[in-house]
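Take a look at the structure below.
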Amino acid sequence: MANTDLYMIYHGILVPRISHSEESLNYHEKFTVKDDDIFSVTYPKSGTTWMQEILPLLLNGGDLTVVQTIPNWDRVPWLEETRASSILDKIPSPRAMVSHMPYHLMPQTFFNSKAKVIYVTRNPKDVLVSSFHFHKMASFLDEPGTLEEFTDKFLAGNVFFGKWTDHVKSWQNTDLGDRILYITYEDMLQDLRGVLVRILTLLGRQLSADALDRVVDHCTFKNMKTNTMSNYSLVPQNIMDCKKSSFLRKGIAGDWKNHFSPELDAKFTAAIQEEMNGSNISFPWDEE
Ligand code: A3P
């Protein structure tokens with residue numbers, strides 16, 4: 001059962017009360033999307049913060065000032081969260097936003113707009129591990145229990161933003177055509193520069209080789225970890241306790257191998273496969 005002190009239920013999905021309210025969800029629903037808006041959509045723990053670093057840099061020619069002076073949640077806000085209404089009017093276009101919403105819950109005006117979307121997917125086993133540690137350090141989320149207990153909640157969708165499989169399936173079956181770019185967290189780890197070029201192409205923009213190098217360097221895990229505007233160290237310890245786990249924790253692919261028992265792996269793999277059956281969606285990590 002969901003802890004309703006911590007979560008609201010929005011169209012069957014748990015959303016944390018700390019950052020969502022009736023008003024913010026109403027604002028999200030009624031939001032007027034502009035044709036030059038850019039959304040980065042993620043299931044939580046798939047690379048949201050990374051995109052909040054990357055997008056402003058690509059949009060301003062690689063000038064580091066914004067990412068060094070404005071916290072990630074204000075420079076690329078979540079459309080559904082409480083801060084959005086006070087920020088989005090002030091952000092000059094093209095505006096970059098993030099969202100954890102499944103496709104069908106995007107605002108009505110989004111569907112008739114030309115707004116672009118970058119959908120980031122991550123190996124769900126690493127999402128689970130990242131989320132498990134995040135639940136330990138974030139007082140606004142349920143206690144995760146053991147990894148096995150948390151896995152049951154995750155697979156049942158009894159975690160913030162529901163089932164990973166529902167989220168991924170919703171965004172892989174859209175009518176958005178060339179308005180949407182699919183990237184993976186693993187692609188970004190392997191070839192960040194290449195992914196940035198793909199994003200620039202989607203946005204119809206270019207960056208000089210020097211500027212691109214600067215963005216790639218700034219957006220490495222090591223460098224983002226020390227950026228106080230991005231590493232969540234500005235959040236009070238009673239809300240996010242960095243002593244329990246850093247927000248920018250490991251930043252690698254395959255950490256699940258350090259956490260999953262063979263039994264857990266078999267159970268998790270079978271459950272995800274069953275949900276994805278018939279969807280025609282495959283990922284590089286399916287073969288692992
Ligand atoms: P880990 O907990 O596995 O380290 P989100 O921003 O969607 O909540 O996702 C958080 C995850 O993205 C964390 O994963 C975090 O470390 C990782 N991350 C953020 N910036 C990153 C970067 N520059 N390089 C690699 N991973 C990054």
Side-chain angles (χ1 to χ4, degrees), residues 15-16 18-19 39-58 64 67-68 71-81 96-102 118-138 140-141 144 147 150 154 159-162 164 167-168 171 183-196 199 214-235 239-260 285:
V15 295
I18 193 170
S19 48
F39 290 88
S40 178
V41 182
T42 49
Y43 183 83
K45 313 319 289 177
S46 302
T48 326
T49 316
W50 208 349
M51 292 303 295
Q52 287 170 317
E53 201 83 357
I54 289 168
L55 286 175
L57 293 172
L58 295 187
L64 300 180
V67 298
Q68 287 172 338
N72 58 311
W73 52 81
D74 278 354
R75 70 174 104 98
V76 183
W78 276 267
L79 180 55
E80 58 268 19
E81 293 199 356
M97 288 163 258
V98 285
S99 176
H100 286 320
M101 285 292 174
I118 301 145
Y119 186 72
V120 190
T121 324
R122 184 180 189 187
N123 184 337
K125 294 178 187 174
D126 284 331
V127 169
L128 175 84
V129 169
S130 180
S131 195
F132 175 66
H133 290 284
F134 187 48
H135 278 68
K136 286 190 183 173
M137 63 95 80
F140 53 89
L141 298 174
L147 183 63
F150 185 66
F154 183 90
V159 288
F160 64 154
F161 290 94
W164 179 87
H167 202 277
V168 168
W171 278 100
I183 61 177
T184 65
Y185 175 93
E186 291 73 11
D187 285 343
M188 291 164 78
L189 277 180
Q190 221 169 44
D191 178 16
L192 185 56
R193 200 171 213 279
V195 171
L196 298 187
I199 298 175
R214 191 162 57 245
V215 177
V216 170
D217 180 61
H218 178 80
C219 293
T220 55
F221 180 77
K222 181 172 65 69
N223 287 342
M224 274 182 62
K225 203 171 161 66
T226 58
N227 183 359
T228 51
M229 294 296 141
S230 311
N231 63 12
Y232 282 89
S233 58
L234 295 177
V235 176
I239 298 179
M240 283 192 192
D241 189 347
C242 294
K243 293 212 175 84
K244 291 186 178 159
S245 174
S246 305
F247 186 94
L248 281 116
R249 192 184 57 91
K250 277 199 181 170
I252 60 170
D255 192 33
W256 66 269
K257 291 173 189 162
N258 300 317
H259 289 77
F260 278 37
W285 52 79

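All ligand and atom numbering here is 1-based and tracks the order in the structure. Residue numbers count from 1 along this sequence.
- Residues meeting the side chain to side chain donor-acceptor pair (under 3.5 Å) test with S19, sequence neighbours left out: none.
- The closest side-chain heavy-atom distance from M224 to T49 is below 4.5 Å.
- Aromatic rings of H135 and F150 (six-membered ring for Trp) have centroids within the 6.0 Å cut-off, being under it.
- The minimum heavy-atom distance between S230 and R75, with the atom names listed, is OG-NH2, 3.0 Å.
- A donor and an acceptor atom, one from each side chain of E53 and H218, are located under 3.5 Å apart.
- The six-membered or imidazole ring of W50 lies near that of Y185, with a centre-to-centre distance under 6.0 Å.
- Within 4.0 Å of ligand 1, the residues that place a heavy atom are K45, S46, G47, T48, T49, W50, R122, S130, Y185, L189, C219, T220, F221, M224, F247, L248, R249, K250, G251, listed by chain and number.
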